[in-house]
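Take a look at the structure below.
Residue numbers start at 1 and run along the sequence shown. Hydrogens, waters and symmetry mates are skipped; everything else that's a heavy atom, side chains included, is used. As the structure is a prediction and not an experimental result, all values here were calculated from the model.
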Amino acid sequence: MFAQLSLGLLAATVAQAAATLPSRFCGTEIADSAVVQAESFFSENAVQLNSSLTGELAAAPLNVYWHVVSRDSTLSGGNIPDSQIAASISVLNAAYVGTGLSFVLAATDRTVNSGWFSSAAPSTSQQTAMKNALRKGGAADLNVYSVGFTSGSGAGLLGYATFPSSYRATNKDDGVVLLYSSVPGGTATNYNQGDTLTHEVGHWVGLYHTFQGGCAAPGDYVDDTAPEANPVYGCPASSTSCGSPDPFHNFMDYTYDSCMYEFTAGQVVRLQQQVATYRGITF
């Protein structure tokens, strides 16, 4: 079953990686039948948490292995400094306060490979080679690959990630790939405060976009995120669809980094159950 789901649930992609980014996009198209199949398995096999403590439960810090993949040794070529990586981890931890998850940088490695830097993308040979060569750890370890997304099918991407449910079938693919200039202080305008990583890690811990399924139930499979017809872009003063205000301040929508600042209590329950079920993370 996992092999069948891996293509549908493998990657969550976010587009537009030029220096001036007009919108945040995601290229993942998950067939309704694949989502139903995955959620059926999850509902039957989910690790049950102590409901009276959910939201207060805390796991041991998760190791982050950061793989800097660059075109050359320059910053413009993707060779981001340790300071931006440290800032990224700080942003990630701030975003996940209250979820029971925290992250610690375990190691950083640097690889100059213009092919991986330019062309790594979901389901490509460049991605496969990169991840097979660099990935470290197991299901509970977060591997982050910073690249350029300058050519091929990945041209213009902002980032993408795998879901926990695909780990068993495609463990080498597991992790997050993001645009190097989306880190704090990077040059990706409106997307350079580090929340591309926050968003993609949201997928890595089992969250869908807030607009998953549109107005139709069960949407993103979280009861306290309002149904949303379409993603919200930029940072509007207000936005309403499906008869209620859209959750556009949620980290799993498509707004600017400056506009994102929350996960809901329901998302916390889901991500805790997802990582406990598929990643063996205990609380």
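- Taking a cutoff of 4.0 Å between a charged side-chain nitrogen and a carboxylate oxygen, R270 and D223 do not qualify as a salt bridge.
- Checked by atom type and distance alone, the side chain of T196 never pairs as donor or acceptor with a backbone atom of N192 at under 3.5 Å.
- Side chains of T255 and D253: no donor on one and acceptor on the other come within 3.5 Å.
- Formation of a donor-acceptor pair under 3.5 Å by the Y167 side chain with backbone atoms of A139 is found in this model.
- The nearest pair of heavy atoms linking D257 to Q193 is OD2-N, 3.0 Å.
- In this structure, the side chain of T124 does not engage the main chain of A120 through any donor-acceptor pair within 3.5 Å.
- The aromatic rings of H249 and Y261 lie parallel to each other, with less than 30° between the two planes, well short of the 60° mark.
- The aromatic rings of Y208 and Y221 sit tilted relative to each other, their planes meeting at an angle between 30° and 60°.
- Using a 4.0 Å cut-off between a side-chain N of Lys or Arg and a carboxylate O of Asp or Glu, D174 and R135 qualify as a salt bridge.
- Using a distance-only test at 3.5 Å, with no hydrogens or angles considered, a donor-acceptor pair links the side chain of D141 to the main chain of G138.
- Of the candidates T225, T198, T210, M252 forms a side-chain contact (heavy atoms from CB on, under 4.5 Å) with just one, namely T210.
- The nearest pair of heavy atoms linking P184 to V91 is CG-CG2, 3.9 Å.
- Within the 3.5 Å criterion, the main-chain N or O of E228 finds no donor-acceptor partner in the side chain of D246.
- The cluster map of Ile, Leu, Val, Met, Phe, Trp and Tyr, joined by side-chain heavy atoms under 4.5 Å apart, puts L92 and V268 in different clusters.
- With hydrogens and angles left out, the side-chain atoms of D173 and T162 include no donor and acceptor closer than 3.5 Å.
- Shown here for R71 and V112, the closest heavy-atom pair between the two residues is O-CG1, 3.5 Å.
- The shortest side-chain heavy-atom distance between F103 and V201 falls under the 4.5 Å cut-off.
- No donor-acceptor pair under 3.5 Å is formed between the side chain of S40 and the backbone N or O of V36.
- For an aromatic pair to be called close, the ring centres must be under 6.0 Å apart, and Y180 with F117 satisfies this.
- Taking all atoms of both residues into account, the shortest heavy-atom contact from H67 to L134 is CE1-O, 2.9 Å.
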Walk me through it: do Q272 and L57 pass the test side chain to side chain contact (heavy atoms under 4.5 Å, CB included)? CA-CA 9 Å; Q272 287 183 345; L57 299 173; 4.0 Å; yes
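- Of all heavy-atom pairs spanning L178 and F149, the tightest one is C-CE1, 3.7 Å.
- For the pair Q267 (side chain) and T264 (backbone), a donor-acceptor distance under 3.5 Å is present.
- Checked against the 6.0 Å centroid threshold, H199 and F251 do not count as a close aromatic pair.
- A donor-acceptor pair is defined here as one N or O able to donate and one able to accept, closer than 3.5 Å; such a pair exists between the side chain of T277 and the backbone of V47.
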Evaluate N93 against S102 for side-chain hydrogen bond (donor to acceptor under 3.5 Å, both in side chains), listing each step before the verdict. CA-CA 6 Å; N93 279 316; S102 61; 4.8 Å; no
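- The minimum heavy-atom distance linking P122 with L157 is given by the pair CD-CD1, 4.0 Å.
- With Q212 contributing its side chain and G219 its backbone, the two residues share no donor-acceptor pair below 3.5 Å.
- Under a 3.5 Å cut-off, the side chain of S70 and the backbone N or O of S73 do not form any donor-acceptor pair.
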